[in-house]
Amino acid sequence: MNRALPLIVLALMILGFATLLLVGIPAAQIWSIESPEGLESYTASEQRGRDIYVSEGCVYCHSQQPRSPSQGPDGLRGWGRPSTAADYVYDAPHQLGTMRTGPDLFNVGARLPSQGWQLTHLFNPRAITPQSIMPSYPYLFELKDRAEAGDVVVPVPTGFRPDGKTVVAKQEAIDLASYLLSLDHTYPVSHPELRDNGFEHEESGS
């Protein structure tokens with residue numbers, strides 16, 4: 001037991017130091033970050049759509065964190081500038097993601113700013129990209145013989161509309177599309193020093 005006690009104390013000290021280094025210091029760095037000029041808080045519709053995005057597990061296939069040119073060709077793919085901590089001021093929980101089965105969505109609202117496109121893609125991704133493996137979300141829509149006043153009709157190509165029905169977006173689909181369209185981070189970067197610039201530092205020092 002006398003030998004075990006110093007090992008336990010040492011292990012706790014190492015754990016405490018690691019927690020401070022990996023959690024405490026980064027948290028202190030971003031704690032007081034304010035919203036960048038050009039970034040607005042989510043509207044009620046966008047927040048509801050974000051909640052749907054979270055509940056549907058979209059983060060498992062899509063990231064929202066473009067890398068710097070030294071870390072990957074995300075800029076060449078049209079996914080936008082490298083993200084920084086300030087870009088996520090209004091995100092709780094954040095949806096950074098670690099997988100890219102589908103494209104990064106950090107700037108999907110800037111590169112695909114069409115509600116009709118977003119709704120069609122949610123109803124049936126194959127209607128836009130034949131080889132897409134993204135699941136469809138038909139339960140976010142209604143099929144009607146004809147649209148009614150106030151309906152948001154989805155411009156689904158004829159071959160993808162069941163029995164020639166009119167596809168109408170439910171409020172959930174409209175909200176989810178609103179959230180996707182809000183993902184536009186084309187404003188000037190804020191606090192670039194608080195992102196992972198390790199590769200740039202190594203290259204500049206070599």
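Just so we're clear, the structure is a prediction, and the values are computed from it rather than from any experiment.
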Show the nearest heavy-atom pair for residues Y187 and E37, with the distance to one decimal. CB-O, 3.6 Å
Report yes if the side chains of V156 and N124 come closer than 4.5 Å at any heavy-atom pair, otherwise no. no
Looking at R48 and D51, does any basic side-chain N land under 4.0 Å from a carboxylate oxygen? no
Between D91 and R50 (salt bridge meaning N to carboxylate O under 4.0 Å), is one present in this structure? yes
Within the structure provided, determine whether M13 and F17 are in side-chain contact (heavy-atom separation under 4.5 Å). no
In terms of hydrophobic clusters joined by side-chain contacts under 4.5 Å, are F160 and M134 together? yes
Please step through side-chain contact (heavy atoms from CB on, under 4.5 Å) for the pair R100 and H62, ending with a clear verdict. CA-CA 5 Å; R100 284 178 173 170; H62 295 282; over 6 Å; no
Before giving the answer on ring pair (Phe, Tyr, Trp, His ring centres under 6.0 Å), spell out for Y88 and H94 the whole-Å C-alpha distance, their side-chain angles and the decisive distance to 0.1 Å. CA-CA 7 Å; Y88 308 102; H94 68 69; 7.3 Å; no
Testing the basics here: between A85 and I33, what is the closest heavy-atom pair and its distance to 0.1 Å? CB-CD1, 4.0 Å
Euclidean distance, S190 OG relative to E34 CD, rounded to 0.5 Å: 9.0 Å
State, with a plain yes or no, whether a side-chain heavy atom of E56 is found less than 4.5 Å away from one of Y137. yes
I need the minimum non-hydrogen distance between N107 and H185, along with the two atoms involved. OD1-N, 2.6 Å
Tell me if a side-chain donor or acceptor on S182 pairs with a main-chain N or O of E46 at a distance below 3.5 Å. no
Test item: P103 and S63 side chains (from C-beta on) under 4.5 Å apart, heavy atoms: no
For Y60, does the OH atom have more than 12 heavy-atom neighbours from other residues, nucleotides or ligands under 6.0 Å away? no
Do the non-hydrogen side-chain atoms of Q64 and Y53 ever get within less than 4.5 Å of each other? yes
Are L181 and I174 in one and the same hydrophobic cluster, where Ile, Leu, Val, Met, Phe, Trp and Tyr link if side-chain heavy atoms are under 4.5 Å apart? no
Starting from the C-alpha separation in whole Å, work towards a yes-or-no answer on side-chain hydrogen bond (donor to acceptor under 3.5 Å, both in side chains) for S45 and T43. CA-CA 5 Å; S45 177; T43 65; 5.1 Å; no
Supply the atom-to-atom distance R111 CZ to L183 CG, rounded to the nearest 0.5 angstrom. 9.5 Å
Would you kindly confirm whether V168 and F123 end up in one hydrophobic cluster when ILVMFWY residues are joined by side chain heavy atoms under 4.5 Å apart? no
Nearest heavy-atom contact between V152 and L119 is CG1-CD1, 3.8 Å
Hphob cluster co-occupancy, L180 + L39, side-chain heavy atoms under 4.5 angstrom: yes
In short, L122 meets A177 closest at the heavy-atom pair CD1-N, 4.4 Å
Kindly give the heavy-atom pair with the smallest separation between P36 and A86, and that separation in Å. CD-O, 3.4 Å
Give a yes-or-no answer on whether the side chains of R67 and S83 include a donor-acceptor pair shorter than 3.5 Å. no
Go through the structure and list residues passing side-chain contact (heavy atoms from CB on, under 4.5 Å) with T101, not counting sequence neighbours. C61, M99, I133
I128, L176: one ILVMFWY side-chain cluster at the under-4.5 Å cut-off? yes
Only distances under 3.5 Å count here; give the side-chain donor-acceptor pairs of residues 141-150 to other protein atoms, sequence neighbours excluded, each with its distance to 0.1 Å.
| unit_1 | atom_1 | unit_2 | atom_2 | d |
| --- | --- | --- | --- | --- |
| K144 | NZ | D151 | OD1 | 3.4 |
| K144 | NZ | D151 | OD2 | 3.0 |
| D145 | OD1 | K165 | NZ | 2.5 |

For the side chain of E172 and the backbone of I52, is there at least one donor-acceptor N/O pair under 3.5 Å apart? no
Residues D175 and K170 bridged, charged N to O under 4.0 Å: no
Using side-chain heavy atoms (C-beta onward) and a distance below 4.5 Å, is P125 in contact with T120? no
Derivation of the side-chain hydrogen bond (donor to acceptor under 3.5 Å, both in side chains) call for Y179 and Q118: CA-CA 10 Å; Y179 168 64; Q118 297 291 349; over 6 Å; no
Heavy-atom count check: over 12 atoms from other residues, nucleotides or ligands less than 6.0 Å from Q171 CD? yes
